[in-house]
Enquirer: 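Let me begin by handing over the structure; questions about it come next.
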There are 2 protein chains.
Amino acid sequence: MARWAPDAAGRLQTAALELYAERGFEQTTVADIAARAGVTARTYFRHFIDKREVLFSGQSELQAFLAEWIETQVGPDDPMTRVIAGLEAAAAHFPDKTELSVKRSAIIASNAELRERELQKLASLAAVIAEALGRSGIDPAAARIVGEVGMMVFKLGYERWIGGDHTSFAATIRSTFDDLRTAMRGEGQAAARQSAGFA
Amino acid sequence: MARWAPDAAGRLQTAALELYAERGFEQTTVADIAARAGVTARTYFRHFIDKREVLFSGQSELQAFLAEWIETQVGPDDPMTRVIAGLEAAAAHFPDKTELSVKRSAIIASNAELRERELQKLASLAAVIAEALGRSGIDPAAARIVGEVGMMVFKLGYERWIGGDHTSFAATIRSTFDDLRTAMRGEGQAAARQSAGFA
DNA sequence: GTCTATATCGCGATAGAC
DNA sequence: GTCTATCGCGATATAGAC
């Protein structure tokens, strides 16, 4: 028999999610989490850099998938189209929406520090998209913008998906992007100004 | 004579900026900052919730200005146009780019915790824009999207302004938005797919 | 795994402003 | 007198060093 129970990281994640849900993030100490997972606080910090990070694994898989997808596409489509298609593909591979994922979102929403970490992860997603586009030969400034837009669509789409109805994540991404395009298009005054020679 | 030197908060901000620039954020303790400002660490925490917050005042003025501006506009322009115009107006009221503001940006860029806080402030800006639009009768979902876009334009524009050439902040905001519109419009494949019935 | 720095916050006291 | 800014002390937990 092994000296330690396997998958300490997994047990820590489960313990943390449970405790954060039960008592709230601030009322939970890292020592509590470690105890429930059957390890010491020191071991916790070997697996996760800080108290927040337990809730944000998975992010790196998404980033890797997207970067790979963006760089291996060969079509003549423009960067924005390519990134949104990549997000839809990634969304199709997402695990189903479970009670736990909803709970996780609620925990994050309830605490400022956790919301900050989530934003940092999203910023990192934007950077990954921009870098992948850059490696595909897209101009860096344009890549930066498209990375930000892609990230925003993912953020709003995820939010809608978790909070909402029963549509698939991929479909939610698509409709979010459509709504964004509509908002950007502008009507009346805006259209007039634009056709008057804006860019 | 007053019992305490006035403007403790201001002295704390100055001291913090100096020390963060001299030794770096992590190498500076709150006690150091307080000492240089002539108060105790306990007093520091009465003015700023945590070690990072000293670098992010000013944000609330921007938010108040924008909310006010958005709600008092009367033109028939669509929300996106209104928000960008508001950002340009706010940018026109910004203090000049000084050595200190550049230094402040460099400090923030050099530390992950500070970048997280900056993102949180920007998220709060997006929320403020969305709420102001909501109070102006705009549909909440559309307001949310426009808030996010406005925030992004501000973020990218500020970054370009601080990092770049000699253009005014307002002009930088405008050209950033133009670039965003160009990226969103999409060419070739994207245009074809769109006219094939996407939105 | 142990040791430690320090960020953060609660509490009670103090002194001047109004 | 009440209000407000500050101090000083003490406690706890995160996070990094050794």
Side-chain angles (χ1 to χ4, degrees), chain A residues 2-9 11-13 15-57 107-108 110-121, chain B residues 1-57 60 107-108 110-121:
Chain A
R3 176 143 169 214
W4 295 288
D7 194 26
R11 278 179 291 128
L12 283 165
Q13 285 180 54
L17 197 59
E18 288 172 1
L19 286 165
Y20 291 164
E22 288 169 18
R23 331 179 171 164
F25 178 75
E26 289 167 20
Q27 287 67 48
T28 304
T29 75
V30 171
D32 295 336
I33 299 169
R36 182 169 296 199
V39 297
T40 67
R42 186 64 186 78
T43 299
Y44 174 95
F45 284 106
R46 250 191 271 282
H47 288 278
F48 305 99
I49 11 129
D50 60 31
K51 189 181 166 184
R52 295 176 270 172
E53 194 69 14
V54 231
L55 292 175
F56 300 91
S57 354
I107 295 170
I108 293 169
S110 74
N111 179 275
E113 289 183 63
L114 291 172
R115 286 193 303 269
E116 281 188 20
R117 175 58 52 85
E118 184 174 46
L119 292 170
Q120 184 247 299
K121 293 292 177 184
Chain B
M1 180 178 159
R3 170 137 172 227
W4 298 288
D7 195 25
R11 279 179 289 128
L12 283 165
Q13 283 180 58
T14 307
L17 197 58
E18 289 171 1
L19 286 166
Y20 291 164
E22 289 169 16
R23 334 179 171 166
F25 178 74
E26 289 167 18
Q27 286 68 49
T28 305
T29 75
V30 171
D32 294 336
I33 299 169
R36 183 170 294 200
V39 296
T40 68
R42 194 68 192 77
T43 298
Y44 174 96
F45 285 106
R46 235 171 245 107
H47 287 278
F48 306 99
I49 9 126
D50 60 32
K51 190 181 166 186
R52 295 176 269 173
E53 193 69 13
V54 234
L55 292 175
F56 300 91
S57 354
S60 41
I107 295 170
I108 293 170
S110 73
N111 179 274
E113 290 184 61
L114 292 172
R115 287 195 302 269
E116 281 190 20
R117 176 57 52 84
E118 184 173 47
L119 292 171
Q120 185 247 297
K121 293 292 177 185

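Because the structure is a prediction, the values reported are computed rather than measured. Here is how names work: the chains are called A, B, and so on, in the same order as the sequence lines, proteins then strands, and each is numbered from 1.
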Enquirer: Would you check if B:Y44 and B:V39 make a side-chain contact, meaning some heavy-atom pair closer than 4.5 Å?
Expert: no

Enquirer: Would you say B:R52's side chain and B:E113's backbone share a donor-acceptor pair under 3.5 angstrom?
Expert: yes

Enquirer: Can you name the closest pair of heavy atoms from A:A21 and A:I107 and give their distance?
Expert: N-CD1, 3.8 Å

Enquirer: Considering all heavy atoms of both residues, which atom of B:I108 and which atom of B:R115 are nearest to each other, and what is their separation?
Expert: O-CG, 3.2 Å

Enquirer: Return all side-chain donor-acceptor pairs below 3.5 angstrom for residues 9-20 of chain B, not counting sequence neighbours, or 'none' if the list is empty.
Expert:
from, atom 1, to, atom 2, distance (Å)
B:R11, NE, B:P6, O, 3.4
B:R11, NH1, B:A37, O, 2.4
B:R11, NH2, B:A5, O, 3.0
B:Q13, OE1, B:S57, OG, 3.4
B:T14, OG1, B:G10, O, 3.1
B:E18, OE1, B:R36, NH1, 2.8
B:Y20, OH, B:K51, O, 2.8

Enquirer: To the nearest 0.5 Å, what is the distance between CG on A:L119 and CZ on A:R117?
Expert: 11.0 Å

Enquirer: Tell me whether B:T28 contacts the main-chain N or O of B:G24 through its side chain, where contact means a donor paired with an acceptor under 3.5 Å.
Expert: yes

Enquirer: Please enumerate all residues that pass side chain to side chain donor-acceptor pair (under 3.5 Å) together with B:S60, with sequence neighbours excluded.
Expert: none

Enquirer: Could you pull out all residues at least two apart from A:D7 that satisfy salt bridge (Lys or Arg N to Asp or Glu O under 4.0 Å)?
Expert: none

Enquirer: Using a 4.0 Å cut-off on protein heavy atoms (strictly under), produce a 5'-to-3' string for nucleotides 8-18 of chain D with B for base contact, S for backbone-only sugar-phosphate contact, and - for none.
Expert: BB----SB-BB

Enquirer: Which ones in residues 7-27 of chain B lie close to DNA chain D, meaning a heavy atom under 4.0 Å from one of its atoms?
Expert: B:A8

Enquirer: Taking side chain as C-beta onward, heavy atoms only, is B:N111 less than 4.5 Å from B:E26?
Expert: yes

Enquirer: Are OP1 or OP2 of D:dT6 and a side-chain N or O of B:H47 less than 4.0 angstrom apart?
Expert: yes

Enquirer: Quick test: give all pairs of protein nitrogen or oxygen and nucleotides 2-4 of chain D nitrogen or oxygen below 3.5 Å, distance rounded to 0.1 Å.
Expert:
none

